[in-house]
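Shown next, in structure tokens, is the structure this report addresses.
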Amino acid sequence: MSRAPDFQAVFGGAPEVVGEAPGRVNLLGEHTDYNDGFVLPIAIPQRTRVALRRAAADAGRPRAGNDAHRLHAAELGAEVRFGMDDLPQEQFARYVYGCLVQAQGAGAVVPPLDIHVASDVPMGVGLSSSAALEVATLRALRSLLGLALDDVQIAQLAQRAEIEQAGVRCGILDQMACSLADTRRALLLDTRSLERRFVDLPEGSQVLVIDSGTPRSLAESGYNQRRAECEQAAALLGVASLRDVRDGQGLQGLPEPLLRRVRHVVTENARVLQAVDAPSALDFGDLMNASHDSLRDDYEVSTPALDRLVEVLRQQPAVYGARLTGAGFGGACVALCRAGEAVETADAVLQAYAAAGGAGRLLVPPPAA
Ligand code: GLA
């Protein structure tokens, strides 16, 4: 996973428990989760591992106050100490802190901890490195403290940690995916009822993810603005959420850009449901292409770099369809491609993308170390 110092090297002993969770890539259903809609993620092979043990007393005195927890993040080469009453400055530590706070809120008595995080989930590209960290932390706490939490409850606590302590007003897509998804089949999730089932990828296809090499600038402000627009549109349409809008229903009266935002959500929900009706790889790819076009034109969360990378992906003979994935505004693109041809396709894509001025990198399948 990484060559950075492990738990033993940092804390001079073995952990008591280890919790793990994968990152995820969303195949279809973007910006639908906070509208109570449908999503279709799949887990990626890269994982986050959180190792824990109860902290030993320091010079005979139990660690306490803002020194209670010692957190080491191997890939970041960063170490933070914090207590339960002070929100850490560092964003990565806030995710862990949030999980401890939420576990406490659910009735756990959290002792002072030594915490070690190791991860090969790519960060900041839309593959849910933060949700993987939250779910892995909560799984480790569940084992250490014997908490009676199932995987859905873990996802719900993780989402609350992200909203309340990390300050990101996300939906439940990422945490449910990191807690429940599988790398071989996609997870169809109704984010309103949390009903879910696994769905096979179209026969003869595999997932390819390439980073555009551009940071997700404006992701937070743009994301919050889109959420607010959706809430405003739902209020104007007199529905609890945009999930309840039927195609074409009374939309003509909506002002722009609300009309386009609603159109994206309504058509995107329909695309997810079409995609699970066992379409061919070609049909699935068409739905991904339509999703990207809708995110670009109606939802306006794409960027010139993402559009360029999607174009390059679509030009490859082995690619059935491609789109931006995650919140947008930068980060990675996902494609469905002919099984067994992802690596050579990625080579061709990266070359063509470089010729167009981009600096991308292959993320899934994970390049051999
Ligand atoms: C981010 C959020 C998710 C979801 C996606 C967009 O990943 O964390 O809840 O809204 O954006 O589909």
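Numbering of residues begins at 1 and proceeds along the displayed sequence. Since we're looking at a predicted model, the values are computed, not measured. Note that ligands are numbered from 1 as they come in the structure, with each ligand's atoms numbered from 1 the same way.
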Query - Electrostatic pair E79:R70 at N-O distance under 4.0 angstrom - result: yes
Report task. Looking only at protein heavy atoms, identify the closest one to atom 7 (O) of ligand 1 and say how far it is in Å. Result -> D174 OD2, 3.1 Å
**Report entry** Test side-chain contact (heavy atoms from CB on, under 4.5 Å) applied to T191 and T32, step by step
**Finding:** CA-CA 8 Å; T191 63; T32 49; 6.0 Å; no
Query raised in the report: With a 4.0 Å cut-off, would you call E311 and R296 a salt bridge?
Result: no
Query raised in the report: Considering only heavy atoms of E30, which atoms of ligand 1 have at least one such atom less than 4.0 Å away?
Result: 6 (C), 12 (O)
Query raised in the report: Is it the side chain, the backbone, both or neither of R24 that has a heavy atom closer than 4.0 Å to ligand 1?
Result: side chain
Requested in this report: Do me a favour and list the nearest non-hydrogen protein atom to atom 2 (C) of ligand 1 with residue, atom name and distance?
Outcome: Y223 OH, 3.4 Å
Report task. Pull out every atom of ligand 1 sitting under 4.0 Å from any heavy atom of Y34, numbered as shown with elements. Result -> 10 (O)
Requested in this report: Could you list the atoms of ligand 1 found under 4.0 angstrom from a heavy atom of A327?
Outcome: 11 (O)
Report summary line: atom 9 (O) of ligand 1: of L173, I163, D33, the nearest heavy atom sits on D33
Query raised in the report: Between E268 and F38, is any pair of side-chain heavy atoms under 4.5 Å apart?
Result: no
Query raised in the report: Pick from R63, R54, H72: which one makes a side chain to side chain donor-acceptor pair (under 3.5 Å) with D114?
Result: R63
**Report entry** Heavy-atom side-chain contact between P366 and I44 under 4.5 Å
**Finding:** no
Report task. Please could you name the atoms of ligand 1 that G171 approaches to less than 4.0 Å, counting only its heavy atoms? Result -> 9 (O)
